[in-house]
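This report concerns only the one structure given below.
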Amino acid sequence: MMELNEIIKKLEETLSPRRFNHSLEVMKSSIRLAEKYGEDVEKAALAGLVHDCAKNLDKDAILAACKKYGIIVDEISERWPKLLHGQIGAHVAEDLFGIECPRILAAIADHTMGKPGMDRLSSIVFVADYIEESRDFDEIDIIRAAAEESLERAIVAGLDSTIRHILKKGRMLHPQTIATRNWALRQLNEMKQQEGQ
Ligand SMILES: [Fe+2]
Ligand SMILES: [Fe+2]
């Protein structure tokens with residue numbers, strides 16, 4: 001694997017200053033969540049740092065990368081290619097940075113829409129992406145508070161906010177967004193039932 005400071009240098013060169021700062025903040029939030037929820041801190045830090053490594057690509061570059069890596073472009077992603085930056089990012093992280101850990105690569109791949117059944121590491125990066133320090137949008141306080149309660153609560157709160165935003169803009173919702181929310185809600189309900197027993 002590439003040295004960590006080399007990875008950071010590479011990200012600073014390719015990402016906009018704002019996106020680079022966001023990456024560092026997601027790393028910090030991922031570390032904090034990993035400590036809170038009992039996950040490998042180093043893996044969380046690396047996944048958080050690298051999660052947006054393909055965010056700088058424009059539409060043509062995204063579609064070219066999909067061809068190269070055999071990523072299926074569905075109807076909605078074709079309209080909103082940025083939805084694919086996580087999946088491409090996982091390949092970039094592997095090819096360019098030499099990251100091999102499948103859990104880290106999954107966390108990068110699934111950070112945009114989440115995925116039903118995603119593991120704790122993926123959930124941490126998914127939530128950290130919403131709540132990192134420099135983020136400021138409606139409902140951020142609700143999501144930050146939810147993240148203090150459980151990852152599942154934060155995933156639902158984050159996706160509620162995303163879905164409301166997409167509806168307001170009149171855009172198509174990706175079915176994976178809905179599937180992830182339903183999964184996290186089910187997890188929450190199961191946790192409540194177990195607590196009640
Ligand atoms: Fe992203
Ligand atoms: Fe991000």
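Order of appearance sets the numbers: ligands from 1, and atoms from 1 within every ligand. Every heavy atom of this structure was used, including side-chain atoms; hydrogens, water molecules and symmetry mates were not.
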Fill in: Atom name, Asp52 (N, O or S, nearest to the Fe ion (ligand 1))
OD1
Worksheet item: Which is the closest N/O/S atom of His85 when seen from the Fe ion (ligand 1)?
Response: NE2
Practice prompt. Please determine if the Fe ion (ligand 2) has an N/O/S atom from His51 lying under 2.8 Å away.
Written response: yes
Discussion item. Taking atom NZ as the centre, does Lys36 end up with more than 12 heavy-atom neighbours from other residues, nucleotides or ligands that are less than 6.0 angstrom away?
Written reply: yes
Worksheet item: Is there side-chain contact between Met27 and Glu132, with heavy atoms separated by less than 4.5 Å?
Response: no
Practice prompt. In plain terms, say whether Arg135 and Glu25 are close enough for a salt bridge, that is, a side-chain N and a carboxylate O under 4.0 Å apart.
Written response: no
Worksheet item: Is there an N/O/S atom in Asp129 that lies less than 2.8 Å from the Fe ion (ligand 1)?
Response: no
Worksheet item: Does a salt bridge link Lys55 with Asp52, judged by any charged N lying under 4.0 Å from a carboxylate O?
Response: no
